[in-house]
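Here the structure comes first, spelled out in structure tokens, and everything after it is commentary.
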Amino acid sequence: MDTSNYAYKQKALQTFISDNKILTKVTRWWRNFTTRRQLQHLSSHLLNDIGLTKEQAQQESYRHFWDK
């Protein structure tokens, strides 16, 4: 077995996994940012449909995008 080729494949796989984790995190942050911003603009009727009060929606919209 060619160990240099194996090492290269292992490094490439580790880089891919690391990049995928970063992409997943950035995607989650973007989703948090956009949905929290959208909460600010929902009417009381729509908030009631999803089980939130205006105060709860406002509190959620003030959270940072990196908060889970």
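Start at 1 with the first residue, then count along the sequence. Atoms considered below: every heavy atom in the structure, side chains included; atoms not considered: hydrogens, waters and symmetry mates.
Hydrophobic clustering, with ILVMFWY side chains joined whenever heavy atoms are under 4.5 angstrom apart, groups Trp66 together with Trp30.
Note that CZ of Phe33 and CD of Gln38 are 10.0 Å apart. Values are rounded to the nearest 0.5 Å. If you take CZ on Arg37 and CG on Asn32, they are separated by 12.5 Å, rounding to the nearest 0.5 Å. Annotation: the span from Ser61 atom OG to Gln40 atom CD amounts to 4.0 Å, rounded to 0.5 Å. Taking CD1 of Ile17 as the start and CD1 of Ile22 as the end, the distance is 12.5 Å to the nearest 0.5 Å. Expressed to the nearest 0.5 Å, how far CG of Asn20 lies from NZ of Lys25 amounts to 13.0 Å. Expressed to the nearest 0.5 Å, how far CG of Leu13 lies from CD of Gln10 amounts to 6.0 Å.
For Ser18 (side chain) and Thr15 (main-chain N/O), no donor-acceptor pair under 3.5 Å exists by modelled atom type. For the pair Lys54 (side chain) and Leu42 (backbone), a donor-acceptor distance under 3.5 Å is present. Using a distance-only test at 3.5 Å, with no hydrogens or angles considered, a donor-acceptor pair links the side chain of Thr27 to the main chain of Leu23.
Shown here are the side-chain hydrogen bond (donor to acceptor under 3.5 Å, both in side chains) partners of Arg63, two or more places apart in sequence or in another chain: Glu60. Scored by the ring pair (Phe, Tyr, Trp, His ring centres under 6.0 Å) test, Tyr62 finds no partners at all (sequence neighbours excluded).
By the 6.0 Å contact criterion, NE2 on His41 is enclosed, its count of non-hydrogen atoms from other residues, nucleotides or ligands being greater than 12. For CD of Gln59, the number of neighbouring non-hydrogen atoms (other residues, nucleotides, ligands) closer than 6.0 Å is 12 at most.
Between Leu47 and Leu39, the shortest heavy-atom distance links the atoms CD2-CD2, 4.1 Å.
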| request: Check step by step if side chain to side chain contact (heavy atoms under 4.5 Å, CB included) holds for Val26 and Arg31. | output: CA-CA 9 Å; Val26 169; Arg31 185 182 62 236; over 6 Å; no

